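Step one of this worksheet: look at the structure below.
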Amino acid sequence: MSNKKLFKKILIANRGDVALRILRAAKDLKIPTVSIHSSADNDSMHVKLADESVCIGPAKSSDSYLNMQAIISAALVTGADAIHPGVGFLSENADFAEIVNAHEINFIGPSPEHIKTMGDKVSAKIAAEKAGLPLVPGSKGSISSLNKAEEEALKIGFPVIIKAAAGGGGRGMKVANSMENLSEAFSSARSEAKAAFGDDTVYLEKYLKNPRHIEVQVFADSHGNVVHLGERECSIQRRHQKLLEECPSPILSQSEREKIGKLSANAAKNLGYLGLGTIEYLYENNEFFFIEMNTRLQVEHPITEMVTGLDLVCEQIKIASGQKLSFKQNDIVFNGHAIEFRINAENPNNFLPSPGKIKTFHPPGGPGVRVDSIVYQGYQIPPYYDSLISKLIVFGSDRKNCLSRSERALDEFIIEPIDTSIELHKKLLRNKDIINGAYSIKWLEEIFLPTLNKTYG
Ligand code: MV4
C-alpha cells in the first residue's frame, strides 16, 4: 500500500460526458470537485454535479475551455490542487501541462515532455522505434524536399502517404499512387499542414490500403510499474470520427493480443512514461505498425473498463497523486466483450450537428448496459461544441451476447425530438460484416454508407 495522500480538490478542465466521467471518479474517491464552464453551459450536467463551478468565459471555446489563464485562475481561486484535462481541448497541450505544474498544481496526465514528444508525429515515431515498437516503413524523420520524397518513395514503393508532423486525426495527409502524383501530394500536404498547424513539416510512409485501427491501453505509475489493459478495435469511423469501438478486437488471436499488449507495456516502460496512455496501431496482414500515441484518457476507455472491471479514471487520479498502480499485470483479468456506441446529436444522412431542446430522454437499462450521458429532459444542447451527447456501453459474456444486448439497448433508447445516431447504430447491428467483425478503417465510408439507404431505406 502507498501512503501518498489523494488530492484535496480537483478542477475538471472540460465539459460534456468526459467531465461527468471525471466528476464521478472524484466523487467515488471522496475528492471535492470544481467544474469550469462557458456561459453557454450554465445549465449543463457537469455544472450541476460539481461541488463548485466557475464560469470562465463566453461560448467560444478559444475564450473558455481553451483559455489557459482563466482555467488556472479558477483553480487558484477555488484552491484546487489538481487539474484533470479530460479529452480534447487542452488535454494534449504540453504548454498547458507545464503552466499547470508551474503553479504547483498537479496535472493529471503525463509529463509535458511526453506530451510534446508524442504531439509531434515525427518525434513520436523516433521515440516509439527506440522503445521497441514496429513502425510503418517510411522516412526516418521529416522530409524537406521533393527530391528526398522521391528517393524515399522509390525505396519503399508506391503507394505512399505524406503526413503532417503536427497532424494526427487525419488532417494534412495526402496519398500518392505513383511518381506522377508525388509532387502534387507533397506540396499539397505541406500547404495544408502550414494552414492547419502553422507548421509545414511532413514525413512519408508506405500507404497501407486496407488496415484496421487497433489501439492498446497502457498504464504506468511513478514507481516503475507498467501494465497494459488490452486492445480496442476502433476501425468503424467516418472522417476520422469513431462511431463505435469494441473490446477485444474481433480478429486478434489470443497470442497476437498478448504479444502486442506486452510490446506496448514494454514500450511505455522504455519511454519512462507516466500515467494513462494509448498506443495506436494500424493492423494489416497480421502485422502491427505503430502510428501515434495519445497521452490522455480516451473517449472509448469505458469498454476497457467493462472487460477489466477496473476504473481507469480513479486509477489515473491515484497515480497522478503518486500512488502505486493498484494491480499488477497478472491481476488483470479480461472477461467478456464490450462495445461503445457513440450517440451524437446529428443528422443521420449528412452527419451535420442537430442541436436542440430535449423533450424526451429515455435511456436503456438492464444487464450489461451503461449510459454515460449529458442529456436530461428539458436540456438545450448548445450548438458550439462536439455533437457527442451520450455513450452507450454494452457488456456481454461474449461478442454474440454483447451484440444481442446492444440491439435490445438501442431499441429502448429514446431521445426526442432531435436527430441522433441511434438509428444508424441499429442498422449497423443488422449488417453481416458487423456481425462477423469483418471490417477495416475503409468499411463504413466505402462499403456500408454508400448502400445504406438502398439496403435499409
Ligand atoms: C495511415 C493510413 C494508411 N497508411 N498511414 C489517419 C489518421 C492518423 N491517425 C493516421 N491515419 C492513417 N494513417 C499509413 N501509412 C491510414 C490512415 C487512416 C486511418 C487510420 C486510423 C483510423 C482511421 C483512418 C481513416 C483513414 C485513414
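Counting starts at 1 for both ligands and their atoms, following the listed order. All of these numbers come straight from a predicted model, not from anything done at the bench.
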Review point. How far is atom 26 (C) of ligand 1 from its nearest protein heavy atom, and which residue and atom name does that atom have?
Key: H240 CE1, 3.4 Å
Practice item. Would you please test D200 and K194 for salt bridge (Lys or Arg N to Asp or Glu O under 4.0 Å) and show each step? Key: CA-CA 4 Å; D200 66 357; K194 184 81 190 167; 5.5 Å; no
Practice item. Among all protein heavy atoms, pick the one closest to atom 11 (N) of ligand 1 and tell me residue, atom and distance. Key: M173 SD, 3.6 Å
Review point. What protein heavy atom is closest to atom 7 (C) of ligand 1, reported as residue, atom name and distance in Å?
Key: G170 N, 3.3 Å
Check your understanding: Which residue holds the protein heavy atom closest to atom 24 (C) of ligand 1, what is that atom called, and what is the gap in Å?
Key -> I441 CD1, 3.6 Å
**Study point:** Any K209 heavy atom less than 4.0 Å from ligand 1
**Key:** no
Practice item. Decide whether D199 and T201 meet the rule of one side-chain donor and one side-chain acceptor closer than 3.5 Å. Key: yes
Practice item. Report, in ascending order of atom number, the atoms of ligand 1 lying under 4.0 Å from any heavy atom of K206. Key: 4 (N), 14 (C), 15 (N)
Revision key, fill the gap. In ligand 1, the atoms that come under 4.0 Å of a heavy atom of Y207 are 3 (C), 4 (N)
Check your understanding: Is any NZ, NE, NH1 or NH2 atom of the basic residue among K140 and E152 found under 4.0 Å from an Asp or Glu carboxylate oxygen of the other?
Key -> no
Review point. Is there side-chain contact between I422 and I414, with heavy atoms separated by less than 4.5 Å?
Key: no
Revision key, fill the gap. Ligand 1 to V136, heavy atom cutoff 4.0 Å, flagged ligand atoms 15 (N)
Check your understanding: When you look for heavy atoms under 4.0 Å from ligand 1, do you find them on the side chain of L208, its backbone, both, or neither?
Key -> both
Check your understanding: Nearest protein heavy atom to atom 9 (N) of ligand 1, by residue and atom, and its distance?
Key -> E292 OE2, 2.9 Å
**Study point:** Pairwise side-chain contact, L20 with R24, heavy-atom cut-off 4.5 Å (strictly under)
**Key:** yes
Review point. So do F361 and F413 actually touch side chain to side chain, heavy atoms under 4.5 Å?
Key: yes
Check your understanding: Is there a heavy atom of K442 sitting under 4.0 angstrom from any atom of ligand 1?
Key -> no
Point to revise | Any side-chain donor near an acceptor of the partner, E256 and Y283, under 3.5 Å | key: yes
Practice item. Report, in ascending order of atom number, the atoms of ligand 1 lying under 4.0 Å from any heavy atom of E205. Key: 5 (N), 14 (C), 15 (N)
**Study point:** Side-chain donor/acceptor of H114 to backbone N/O of L271, under 3.5 Å
**Key:** yes
Review point. At a 4.0 Å threshold, what atoms of ligand 1 neighbour a non-hydrogen atom of H213?
Key: 21 (C), 22 (C)
Revision key, fill the gap. For I161, the ligand 1 atoms with a heavy-atom partner under 4.0 Å come out as 14 (C), 15 (N)
Point to revise | Option passing side-chain contact (heavy atoms from CB on, under 4.5 Å) with L182 (candidates E180, E184, M179) | key: M179
Review point. Nearest protein heavy atom to atom 5 (N) of ligand 1, by residue and atom, and its distance?
Key: K163 NZ, 2.9 Å
Revision key, fill the gap. min-distance protein heavy atom vs atom 25 (C) of ligand 1 -> Q237 NE2, 3.3 Å
**Study point:** Sub-6.0 Å ring centroid separation between Y439 and F448
**Key:** no
Review point. To which protein heavy atom is atom 2 (C) of ligand 1 closest, and what is the distance rounded to 0.1 Å?
Key: L282 CD1, 3.6 Å
Practice item. Only one of R232, R342, R212 passes salt bridge (charged side-chain N to carboxylate O under 4.0 Å, His left out) with E245; say which it is. Key: R342
